[in-house]
Amino acid sequence: MNFKELISKKISDHTNLDECKVFELLEVPPKPELGDFAFPCFLLAKELKKSPAEIATDLTSKIKENFIEKVEAKGPYVNFWIKKEILVKNVLESLEENIVLDKKDKILLESPGPNTNKPLHLGHLRNMLLGVSNKKILNYLGHEVIPVDVVNDRGIHICKSMLAYKLFGNNETPESSGMKGDYFVGKYYVKFAEEVKNNPELEDQAKEMLKLWEEGDEETLDIWKKMRDWCLAGFKESFKNFDVVHEKSYYESETYKAGKEIILNGLENGLFEKDEDGAIIANLEDKGLGKKVLLRADGTSIYITQDIELARQRFEDYNMDRIVYIVGSEQIHHFKVLFEILKMLNFPFADKCHHLAYGMVYLPDGKMKSREGTIVDADNFKSDMVKMAKLEVKERYPDLNDDELNTRADMIASAAVNFFILKYDAHKDFVYDPKQSLSFTGDSGPYIQYTHARICSIQRKANLNPENINYSLLELDSERNLINKLEDFKDIILKSAENYRPSLIANYLLELSQLFNNYYHETQIIIEEKELMNARLFLINKIKYVLNNGLSLLNIKAPEEM
RNA sequence: GAGCCUGUAGCGCAGUCUGGAUAGCGCGAUUGCCUCCUAAGCAAUAGGUCGUGGGUUCGAAUCCCAUCAGGCUCGCCA
């Protein structure tokens with residue numbers, strides 16, 4: 001039953017406005033003492049040549065419905081109260097029903113697209129969290145999500161770490177040095193940056209190495225394969241650590257050449273042009289995007305060359321309805337250009353591409369620089385959080401055994417990290433403040449977990465009888481606030497899926513938790529009056545359901561105890 | 001020079017798409033609350049020219065124009 005529709009119809013009957021217009025205007029008042037719905041009368045004022053307040057009073061006297069408890073004019077607004085029992089029953093009983101969409105899509109999700117020359121850093125972490133969370137949100141609505149990756153495993157930056165290893169590595173391996181593979185490779189990337197300061201000709205040597213690589217020089221390929229595999233093995237561990245799975249990974253080393261043909265065909269067909277230096281370019285000036293080089297003057301391919309091929313290949317592999325690229329916002333222009341070029345090429349998937357751009361993660365000292373080692377990498381960041389969480393748990397519950405301690409610390413640390421990063425709107429830059437991220441109070445993942453654990457604790461002490469709930473007993477303001485909030489749950493999920501915004505869910509769960517904790521303090525749930533207690537137990541069970549499911553969409557576990 | 005993003009309390013943010021009632025939340029500060037379902041909690045107080053200036057509107061943090069500040073980007077990097 002949709003009360004908003006019913007009320008809209010009723011108001012429409014008594015005014016000149018059509019039902020849809022009324023529906024649009026009808027709002028939920030900012031405060032519960034103003035009713036469940038409110039209709040502002042400003043629009044009618046002009047037409048009827050009466051003050052909005054007068055119209056409100058007028059309208060109020062005309063509306064009577066059996067599901068409406070009370071209609072009241074309050075200034076220029078008509079406020080509606082739905083009969084509590086009907087409203088509450090309606091909200092709580094429909095909460096766990098599935099959301100049914102008209103159309104379920106097959107969606108490719110690209111994340112996080114690492115380079116095989118250094119470990120994953122905080123930016124990748126943000127990327128991975130956005131990937132995992134968006135996948136869960138889309139899955140929740142019944143879409144099929146195919147997580148894929150693109151691995152940038154070739155190019156000059158890769159050769160830099162290779163060269164440093166060749167010159168200074170002494171056949172050291174991750175095993176012999178006891179390092180995780182991606183850190184091991186990253187060590188040589190940093191080494192190169194250090195050495196090149198005193199020896200600038202290393203730059204040329206790296207370029208030379210790239211040339212050898214492209215020519216298929218055996219020794220170079222050997223180093224490349226070795227280091228690439230070390231790095232990928234390291235990523236595999238990290239991905240597991242952050243619950244990242246891929247159905248397929250695409251490697252730039254395998255696709256970089258194939259894009260050329262598409263470009264050359266495009267040139268033949270007159271889609272693209274050759275400029276005076278011999279580079280092949282796409283003219284996108286009429287789109288306000290300037291000109292874009294697609295193939296270098298020397299005939300070698302660049303990033304966009306392989307991106308075009310990659311898109312084609314993926315569509316061939318999966319014939320998806322949509323593809324979402326989770327890539328930093330510094331590449332907004334790149335993707336605008338890419339999507340335009342896919343259109344020029346008449347690829348059928350050109351208008352199904354979406355770039356989910358996310359902002360920079362800064363450290364208090366400034367931007368992270370992997371070449372200078374001023375970087376917080378994802379693995380160490382996470383393990384520091386777990387250590388910190390362990391101390392917090394131990395302090396509160398000194399008697400826990402090690403297993404339980406580790407489980408809880410892990411769960412809490414994940415919650416802290418995921419929430420801290422996902423609560424920001426993706427397109428915003430933010431500063432990663434180590435101190436703040438280690439705080440488990442206030443607006444944080446652990447706060448929501450704690451709320452969940454509190455509900456579980458009550459449930460261990462009193463049994464709910466889900467039959468014969470007397471909804472009319474839930475009449476406190478705090479209970480109404482909670483029920484109103486629960487009613488929003490599905491809309492929030494739909495909205496966050498529509499715009500790929502897990503942050504909406506994060507903030508929603510926070511608000512719900514705040515309402516519950518307030519309720520918890522002011523109201524005793526386990527009480528003598530069985531009927532009232534049962535109604536309250538029913539309510540908090542629904543809150544638990546929403547917290548549990550909502551947290552899961554952020555890839556955060558909801559603990560029974562904390 | 002052009003494009004995109006951001007600007008809301010001391011600090012960090014939500015709200016802006018889709019205009020509506022007294023602009024919310026967290027941290028920090030001050031003050032209360034554990035004989036009572038988990039105090040990783042709750043309540044209260046203090047803290048606001050919603051960057052600035054115009055415009056549209058009965059009504060603007062929200063829409064439009066201008067402007068300032070910061071960030072990102074703009075054919076052969078990824």
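In what follows, every chain begins at residue 1, and chains take the letters A, B, ... in the order their sequences are listed. None of these values were measured; they are calculated from a predicted model.
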Can a side chain N or O of [X] be found less than 4.0 Å away from OP1 or OP2 on [N]?
{"X": "A:R536", "N": "B:C37", "result": "no"}
{"X": "A:K428", "N": "B:A14", "result": "yes"}
{"X": "A:N518", "N": "B:A43", "result": "yes"}
{"X": "A:Y450", "N": "B:A40", "result": "yes"}
{"X": "A:R501", "N": "B:G15", "result": "yes"}
{"X": "A:H333", "N": "B:C72", "result": "no"}
{"X": "A:Y447", "N": "B:C42", "result": "yes"}

Could you tell me how far apart [X] ([atom1]) and [N] ([atom2]) are, to the nearest whole angstrom?
{"X": "A:Q514", "N": "B:A40", "atom1": "CD", "atom2": "P", "result": "17 Å"}
{"X": "A:H334", "N": "B:C4", "atom1": "NE2", "atom2": "C1'", "result": "16 Å"}
{"X": "A:E24", "N": "B:G19", "atom1": "CD", "atom2": "C1'", "result": "12 Å"}
{"X": "A:N79", "N": "B:G20", "atom1": "CG", "atom2": "C1'", "result": "12 Å"}
{"X": "A:I448", "N": "B:G26", "atom1": "CD1", "atom2": "C1'", "result": "12 Å"}
{"X": "A:E561", "N": "B:C37", "atom1": "CD", "atom2": "P", "result": "15 Å"}
{"X": "A:Q524", "N": "B:C36", "atom1": "CD", "atom2": "P", "result": "10 Å"}
{"X": "A:K461", "N": "B:C36", "atom1": "NZ", "atom2": "C1'", "result": "11 Å"}

> Does the ring of A:Y520 meet both stacking tests against the six-membered base ring of B:G41: centre distance under 5.5 Å and plane angle under 30°?
Replying inline: no
> Does the aromatic ring of A:F42 sit over the six-membered base ring of B:G20, closer than 5.5 Å centre to centre and tilted less than 30°?
Replying inline: yes
Taking any heavy-atom pair under 4.0 Å as a contact, classify [X]: base, sugar-phosphate, or nothing.
{"X": "A:E27", "answer": "base"}
{"X": "A:V393", "answer": "base"}
{"X": "A:K287", "answer": "nothing"}
{"X": "A:T523", "answer": "base"}
{"X": "A:A462", "answer": "nothing"}
{"X": "A:N499", "answer": "nothing"}
{"X": "A:I302", "answer": "sugar-phosphate"}
{"X": "A:P40", "answer": "nothing"}
{"X": "A:F272", "answer": "nothing"}

> Charged N to carboxylate O under 4.0 angstrom, A:E72 versus A:K74?
Replying inline: no
Could you identify the nucleotide paired to [N], looking across every strand shown and requiring Watson-Crick or G-U wobble geometry with both distances under 3.5 Å?
{"N": "B:A66", "answer": "B:U52"}
{"N": "B:G1", "answer": "B:C74"}
{"N": "B:A43", "answer": "B:U31"}
{"N": "B:C11", "answer": "B:G26"}

> Between A:N406 and A:K390, is any side-chain donor less than 3.5 angstrom from a side-chain acceptor?
Replying inline: yes
The side chain of [X] lies closest to which of these nucleotides: [options]?
{"X": "A:D443", "options": "B:G26, B:A40, B:A14", "result": "B:G26"}
{"X": "A:M562", "options": "B:A40, B:C5, B:C37", "result": "B:A40"}
{"X": "A:F430", "options": "B:C37, B:C13, B:A78", "result": "B:C13"}
{"X": "A:L34", "options": "B:A40, B:A21, B:C72", "result": "B:A21"}
{"X": "A:Y424", "options": "B:A14, B:U18, B:G12", "result": "B:G12"}
{"X": "A:M360", "options": "B:G3, B:A21, B:C72", "result": "B:C72"}
{"X": "A:D429", "options": "B:A40, B:G71, B:C37", "result": "B:G71"}
{"X": "A:K336", "options": "B:G3, B:U6, B:C76", "result": "B:G3"}
{"X": "A:Y77", "options": "B:A78, B:C4, B:A21", "result": "B:A21"}
{"X": "A:R296", "options": "B:A21, B:C76, B:A14", "result": "B:C76"}

> Which label fits B:C13, syn or anti, where anti is any glycosidic angle not within 90° of 0?
Replying inline: anti
> Would you say the ring centroid of A:Y256 lies under 6.0 angstrom from that of A:W213?
Replying inline: yes
> Do the ring centers of A:Y303 and A:H334 come within less than 6.0 Å of each other?
Replying inline: yes
>> Under the criterion salt bridge (Lys or Arg N to Asp or Glu O under 4.0 Å), I'd like the reasoning laid out for A:K336 against A:E340: C-alpha separation, chi angles, the key distance, then a yes or no.
In response: CA-CA 6 Å; A:K336 275 187 189 162; A:E340 278 306 325; over 6 Å; no
> Which of these passes side-chain contact (heavy atoms from CB on, under 4.5 Å) with A:L294: A:R296, A:K291, A:K292?
Replying inline: A:K292
> With respect to A:L554, which candidate in A:I448, A:I505, A:L129 satisfies the side-chain contact (heavy atoms from CB on, under 4.5 Å) definition?
Replying inline: A:I505
> Relative to the 5' end of RNA chain B, which residue comes earlier, A:P76 or A:D275, by the nucleotide with the nearest heavy atom?
Replying inline: A:P76
> Taking the nucleotide of RNA chain B with the closest heavy atom to each, which residue, A:H427 or A:D298, is nearer the 5' end?
Replying inline: A:H427
> Rounded to the nearest 0.5 Å, what separation is found between the OH atom of A:Y508 and the NZ atom of A:K485?
Replying inline: 7.0 Å
>> Could you measure the distance from the CG atom of A:L17 to the CG atom of A:L43? Nearest 0.5 Å is fine.
In response: 6.0 Å
